[in-house]
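The next block holds one structure in the form of structure tokens; read it before the comments.
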Amino acid sequence: MILLTGGTGYIGSHTAVELLQSGEEIVIADDFSNSNEEVLKRMETLTGKKIPFYQIDVKDKKALKKVFEDQAEPIRCVIHFAGFKAVGESVKEPVKYYRNNLDTTLSLLEVMQEKQVKQFIFSSSATLYGKSKGKAPFTEDEPDTGCTNPYGWTKWMIEQILQDVCVADPEFSAVMLRYFNPIGAHESGLLGERPNGIPNNLMPYITQVAIGKLDHLRVFGDDYDTPDGTGVRDYIHVVDLAKGHVAACDYIKEHKGAEVINLGTGVGYSVLDIVHAFEEANGIRIPYEIVERRAGDVATMYADASKARRLLDWKAEKDLTQMCRDSWRFEQML
């Protein structure tokens, strides 16, 4: 049995589906702060399975203990997705981010310690490379030069906590998956990224412009040191990312200690590359305007994903056209 905290969120829901389809049993804990009950229903429709679900705040240790105690089959592994994730919002509301992201993790680790659960997969982020003096592609052993925003610092701090737990308990296993930029949606159109309010991430912003919910896309800065002046990122299909978690669940069964692993494609695309790819894939024009840079953003970031290939036998398979088509299909089916 695998517990997914934040399992009805964008990445969590896709991972849940892939785990169930691989034969794993799962339970989900989520407070619906960035998702809703409809997502759970769609996951059950896709898999044909009733998913055990607890609507709780993961900071609530009493509620969390009940999740562990209720399961007929013991929870062997936790995948921790629950956390706030908007870079810009974290700059404006740092206390909110530190309180939520650290407290959920610490509560979870304390309950795991009490229940003798020793496998932890963490939803980390390539944001940790934000102040690196090196050049892309970034490897997992990139010198630690700090983060550019509070969201990134919460990921950095949690990784450090997990490293320390693994030192204190040689039987504990922690795999920290540093995501690059997930986009796309399930090919069925039933699951995808559905943020509350105006999107913070690029692809849902584009799809909302495409369908007419928003007038135009705002591109944050065109004066970066990149080929077209807009920020360059490693965009990975969310289903590929979800399959990376399935591979991590297999890996962690046999390996103790802490491991940091990038999940990305190893290819960088600019914001305007994504806009033009979406237009070409779907035959829709996306109007945009250039606005000031966004606090906490960097010019170029893409992965060296060779470690994931070596340790997890995993690599991203879906291309940019699939990412754009799947994102648009999901938006149309909302």
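With D326 as the fixed residue, the side-chain hydrogen bond (donor to acceptor under 3.5 Å, both in side chains) test singles out one of K318, H237, H186: H237. Considering D222, T226, T300, D228 as possible partners of S270, the one that fulfils the side-chain hydrogen bond (donor to acceptor under 3.5 Å, both in side chains) test is D228.
The main-chain N or O of Y205 is never found under 3.5 Å from a side-chain atom of Q208 such that the two would form a donor-acceptor pair. A distance-only check finds a donor-acceptor pair linking the side chain of R233 to the backbone of A299 [under 3.5 Å]. Looking only at distances, a side-chain donor or acceptor of T207 sits under 3.5 Å from a matching main-chain atom of P204. One N or O on the side chain of D234 and one on the backbone of T265 form a donor-acceptor pair closer than 3.5 Å. A donor-acceptor pair under 3.5 Å is formed between the side chain of N101 and the backbone N or O of F84. Side chain of E73 to main chain of M1: a donor-acceptor pair is present (N/O by atom type, distance under 3.5 Å, no hydrogens or angles). No side-chain donor-acceptor contact under 3.5 Å links Q119 to the backbone of K253. The backbone N or O of V91 sits nowhere less than 3.5 Å from a side-chain atom of N149 that would complete a donor-acceptor pair. Judged by distance alone, with hydrogens and angles left aside, the side-chain atoms of R329 form a donor-acceptor pair with the main-chain N or O of E187 at under 3.5 Å. T5 places a side-chain N or O within donor-acceptor distance of the main-chain N or O of F81, the cut-off being under 3.5 Å.
Note that CD1 of I206 and CD1 of I286 are 6.5 Å apart. Values are rounded to the nearest 0.5 Å. Atom CG of L106 and atom CD1 of I158 lie 8.0 Å apart (nearest 0.5 Å). One finds the CZ atom of F122 at 10.0 Å from the CG atom of L109 (value rounded to the nearest 0.5 Å). For the atom pair CG of N181 and OH of Y302, the computed distance is 14.0 Å after rounding to the nearest 0.5 Å. The distance from atom CG of L177 to atom CG of L263, rounded to the nearest 0.5 Å, is 5.0 Å. A distance of 11.0 Å separates CG in N282 from CD in E331, rounded to the nearest 0.5 Å.
Cluster membership check: M333 shares its hydrophobic cluster with M43, using side-chain heavy-atom separations under 4.5 Å among Ile, Leu, Val, Met, Phe, Trp and Tyr. Criterion: ILVMFWY side-chain heavy atoms under 4.5 Å apart, direct or through other members. Under it, L202 and F278 are part of a common hydrophobic cluster. Cluster annotation: I75 is not connected to I26 through the hydrophobic network of ILVMFWY side chains, with a link wherever side-chain heavy atoms come within less than 4.5 Å. Both I28 and L19 are members of a single hydrophobic cluster when ILVMFWY side chains are connected at heavy-atom separations under 4.5 Å. W156 and V298 end up in different hydrophobic clusters when Ile, Leu, Val, Met, Phe, Trp and Tyr side chains are linked at under 4.5 Å.
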Report the C-alpha distance between S125 and R178 in whole Å, list the side-chain angles of each, state the deciding distance to 0.1 Å, and finish with yes or no for side chain to side chain contact (heavy atoms under 4.5 Å, CB included). CA-CA 4 Å; S125 172; R178 290 180 181 169; over 6 Å; no
From CA spacing to verdict: salt bridge (Lys or Arg N to Asp or Glu O under 4.0 Å), E38, R42: CA-CA 6 Å; E38 177 63 26; R42 292 183 177 203; 3.2 Å; yes
Could you please spell out the steps behind the side chain to side chain contact (heavy atoms under 4.5 Å, CB included) verdict for D31 and V58? CA-CA 8 Å; D31 65 358; V58 179; over 6 Å; no
When you look at I252 and C77, which way does the side chain to side chain contact (heavy atoms under 4.5 Å, CB included) test go after all the steps? CA-CA 9 Å; I252 207 169; C77 178; 4.3 Å; yes
Using the rule given for side chain to side chain contact (heavy atoms under 4.5 Å, CB included), can you reason through W328 versus I211, listing the C-alpha separation, both sets of side-chain angles and the distance that settles it, and then say yes or no? CA-CA 9 Å; W328 179 228; I211 208 161; 3.9 Å; yes
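Within a 6.0 Å radius of CD in Q160, other residues, nucleotides and ligands contribute more than 12 heavy atoms. For K92, the NZ atom counts as loosely surrounded, since its 6.0 Å shell holds 12 or fewer non-hydrogen atoms of other residues, nucleotides or ligands. Atom NZ of K315 has 12 or fewer heavy atoms from other residues, nucleotides or ligands within 6.0 Å. Crowding of E292 atom CD: a count of heavy atoms from other residues, nucleotides or ligands under 6.0 Å not exceeding 12.
A 4.5 Å side-chain heavy-atom check between V246 and E24 finds every atom pair outside the cut-off. Contact of the I261 side chain with the W314 side chain is not registered, since no non-hydrogen atoms from C-beta on lie closer than 4.5 Å. Contact check for Y10 versus N201: no side-chain heavy atoms found under the 4.5 Å cut-off. Proximity of L312 to V175: side-chain heavy atoms (C-beta onward) are nowhere separated by under 4.5 Å. In this structure, the side chains of H80 and T104 come closer than 4.5 Å at one or more pairs of heavy atoms. Taking the side chain as every heavy atom from C-beta outward, L241 and H14 never approach each other to under 4.5 Å. Contact of the N36 side chain with the V39 side chain is registered, since non-hydrogen atoms from C-beta on lie closer than 4.5 Å. Residues Q113 and F172 fail the side-chain proximity criterion, which asks for heavy atoms closer than 4.5 Å.
Other residues sharing the hydrophobic cluster of V95, ordered by chain and number and joined by side-chain separations under 4.5 Å: none, the residue standing alone.
Inspection of the S123 and Y179 side chains reveals an N or O donor paired with an N or O acceptor under 3.5 Å. In the model, N100 has a side-chain atom that pairs as donor or acceptor with a side-chain atom of K59 under 3.5 Å.
Between S173 and K256, the shortest heavy-atom distance links the atoms OG-CA, 3.4 Å. Across S90 and Y151, no two heavy atoms sit closer than the pair OG-N, 3.1 Å. For V67 against V27, the heavy-atom pair with the smallest separation is CG1-CG2, 4.2 Å. Across all non-hydrogen atoms, the minimal contact from A86 to Y97 is N-OH, 3.0 Å. Of all heavy-atom pairs spanning L46 and S188, the tightest one is CD2-OG, 3.4 Å. When all heavy atoms of Y251 and H255 are compared, the pair lying nearest together is O-ND1, 2.8 Å.
Taking the charged nitrogens against the carboxylate oxygens, E69 and K115 do have a contact shorter than 4.0 Å, which makes a salt bridge. Remark: K243 does not engage D240 in a salt bridge, criterion side-chain N to carboxylate O under 4.0 Å.
A cation-pi arrangement is found for R293 relative to Y224, the charged atom lying closer than 6.0 Å to the ring centre and inside a 45° cone about the ring normal.
Between F138 and Y129, the angle of the ring planes stays under 30°, which puts this pair in the parallel group of the 30/60° scheme. Ring geometry, H276 versus Y288: the interplanar angle exceeds 60°, so the pair is classed perpendicular (tilted spans 30 to 60°).
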